Undergrad: 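One structure coming up, written as structure tokens, with questions to follow.
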2 protein chains.
Amino acid sequence: MLSYQCHDCAQTHGLHEGVWRCPCGGAFDLAGAPSFASFEGVDSSQWSLWRYRHALPSVGEGDHGSQVTLGEGCTPVVRTGEGVLVKLDFAMPTLSFKDRGSALLVSAAKGLGVKHLVADSSGNAGTSIAAYAASAGIHAEVFVPSSTSPGKVAQLDAYGAHVCVVEGTRAETAQAAIARVTQSGAFYASHVYSPFFHHGVKTFAFECFEQLDGTLPNAILLPAGNGTLLIGASIGFNELAAAGLVRQVPRLYAIQADRCAPLASARGVAVGESAKTEAEGIAIAEPPRLAQMLEVVDASGGDVLTVSEGEIQRARSDLLRLGLYVEPTAAVAYAAIERLGKDRPESILVPLTGAGLKSPAKAPL
Amino acid sequence: MLSYQCHDCAQTHGLHEGVWRCPCGGAFDLAGAPSFASFEGVDSSQWSLWRYRHALPSVGEGDHGSQVTLGEGCTPVVRTGEGVLVKLDFAMPTLSFKDRGSALLVSAAKGLGVKHLVADSSGNAGTSIAAYAASAGIHAEVFVPSSTSPGKVAQLDAYGAHVCVVEGTRAETAQAAIARVTQSGAFYASHVYSPFFHHGVKTFAFECFEQLDGTLPNAILLPAGNGTLLIGASIGFNELAAAGLVRQVPRLYAIQADRCAPLASARGVAVGESAKTEAEGIAIAEPPRLAQMLEVVDASGGDVLTVSEGEIQRARSDLLRLGLYVEPTAAVAYAAIERLGKDRPESILVPLTGAGLKSPAKAPL
């Protein structure tokens, strides 16, 4: 039986209670969710993350609950250099890795009978949730800050979402969405708060394991804003470890831009002046799950790193020279490879999280 | 031993002769190419079209020749309605199905020792070839007509290709590219003329077969400009039939826009006035392989259909309501489903060939 469980105070809440956060203020984990026990359960005829359905939480009638899918997952891994792999996690229905989480979150919403949802996002998550809501026949209202790229707003609009542009920060955008949820009684389809989102993203870990024939890289570098990929991947790798399928979870490195680096600040590391970064997808000054993100990094033996705007641009150019066109946010983690210095692990994997056409920023070659 | 063989006069030419078309004017097929013999050869650990390497032509040293890959292929299939499947062939490294062909074409070029290539395109093919050329370290010059979408030109430019914008028709763009090939001695990386491109695209058929568990749809509706997908898919389905793996090749329907419908014209069907269509990717007034395209359609028992601009827009909106955002060209074939009328086959598959962000045209909901 699935339930929400507070990450801070461990109190549980039923999925039907209509709460999206614990009264104590903590964010929810998912209690009672299935986990990846063995490879025998993998349905390899499915070329999507639903090949791992045996390890995914489901809500609603029927054996597998409600399923909303656009064919997300099963993204390719390619080698870009000595000991460096990238996973093209933008090769997805809405062109970002967020589709992993949206598929599970909107499937759960559908299973709960939701007809109207509210989301907030710096762009890709909202776009993705809007697409899956459209597919499920759920009305979506998506709040975005005015700094969001025109390409992402156009995409949102195209999917038929009601787009609410907030003249303010990312945090103020979330506040506006929450106020709307409170006032309307709509389902809060938050990729930050809903643990269903993380349980979709955990398939990233399963795929790495299956694709690399059971040999995980020593380190994974992840762009970190609200930590959906970091936390989701960590859940997946920990399930594999708990099942005895891997001896060690890869070291997880959370990468942020110098200009918006709350994780480094929390660690007492001095970072550059706060300013607008090209990496809009991770420009999250106050991530609600900050403490959990640091826990995840530490438990894996990883670290927190930051990169400059110049390094982000150079990484984007480096990727372009290899034929890989990504948005600036997706180049942040690739930029951090250089920062690993002499402690650089033998094998590294970097997800490329969003397609280049998402963002108008031009990469100089 | 691979060689080029003229589709019209059957004369053969060595790959190293530096010819891209038969002296008789005919376009080349590939003689001596491997074909899909059985499923035992499929390397299912590869989540890309290289899982079918046993059935792909290779050029160069080593067991498998040169291989240039960005992880293309293995795109998902989802159901959009009763008897209707779509294959998200835009969930690719450069966001269009062309990556299938480019991977094989540029691999062959690399195997032949090419350092400089020339391509021409209405957008997606050139963009794709530019990306793979970058990955292979080959200098690319890409000719596009001035009508090409800004998003595609930006993408081309980003990959480091030298972009030559031609103030003229698509045919004049090809002429300019050919003149440059003649003058410079560069390799003509033509997705229209090179049969390597078609042998990459044929993996579309293998994937359909594998994904649908050996049960092919009765009909496949394909947007048709220069016919790369139509011809490539046909090669793949015919290989499956020749191996005794399928009893019948699906009926292949070539779909064009009313405003640019040379296939229908060749059949003597009156079409609308020639004008600019939103479906820029198939706005090819004089496809060099027109006769071959009609052969392929007829041999499969399919047909040629055309759709109006309004129908293209409506199809794009219909797809958006399902959470699928594609460029107008990619909606052309989906629009034609309605045109099948009472003869509509029981099961239909439609590839979605290019991502929505490729094109600025807005789809009204």
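Residue numbering restarts at 1 for every chain, and letters A, B, ... go by the order of the sequence lines. Note that the structure is a prediction, hence the values are computed from the model and not measured. Values below: every heavy atom of this structure, side chains too, minus hydrogens, waters and symmetry copies.
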Undergrad: Might you point out which heavy atoms bring A/Tyr159 and B/Leu324 nearest each other, and give the distance in Å?
TA: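 Looks like CE2-N, 4.1 Å.
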Undergrad: Using the test side-chain hydrogen bond (donor to acceptor under 3.5 Å, both in side chains), find all partners of B/Glu141 that sit at least two apart in sequence or belong to another chain.
TA: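 Expected list: B/His116, B/Arg180.
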Undergrad: In terms of heavy-atom proximity below 4.5 Å to chain A, should B/Leu95 be classed as side chain, backbone, both, or neither?
TA: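 Side chain of B/Leu95 only, per the 4.5 Å heavy-atom cut-off to chain A.
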Undergrad: Is it the backbone or the side chain of A/Gln46 that comes under 4.5 Å from a heavy atom of chain B, or both, or neither?
TA: neither
Undergrad: Quick one: CG on B/Leu88 to CH2 on A/Trp47, what's the gap to the nearest 0.5 Å?
TA: 13.5 Å
Undergrad: Looking at every non-hydrogen atom in both residues, tell me the closest pair between A/Leu357 and B/Gln155 and how far apart they are.
TA: CD1-OE1, 3.8 Å
Undergrad: Quick one: of A/Ala355, A/Ala130, A/Gly323, who has the most non-hydrogen atom pairs under 4.5 Å with chain B?
TA: A/Gly323
Undergrad: Check salt bridge (charged side-chain N to carboxylate O under 4.0 Å, His left out) between B/Lys152 and all other residues, then give those that pass, not counting sequence neighbours.
TA: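 Counting only residues at least two positions away or on another chain, B/Lys152 forms a salt bridge (charged side-chain N to carboxylate O under 4.0 Å, His left out) with B/Glu280, B/Glu327.
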Undergrad: Taking non-hydrogen atoms and a cut-off under 4.5 angstrom, which of residues 74-84 of chain A neighbour chain B?
TA: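 Hits under 4.5 Å: A/Cys74, A/Thr75, A/Pro76, A/Val78.
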Undergrad: Excluding sequence neighbours, so at least two apart, what forms side-chain contact (heavy atoms from CB on, under 4.5 Å) with A/Val42?
TA: A/Phe36, A/Phe39, A/Arg51, A/Tyr52, A/His54, A/Glu210
Undergrad: Heavy-atom pairs under 4.5 Å with chain A are the metric here; pick the option from B/Leu352, B/Leu70, B/Val68, B/Thr94 that has the most.
TA: B/Leu70
Undergrad: I need the A/Ser45 OG to B/Leu212 CG distance, nearest 0.5 Å.
TA: 10.5 Å
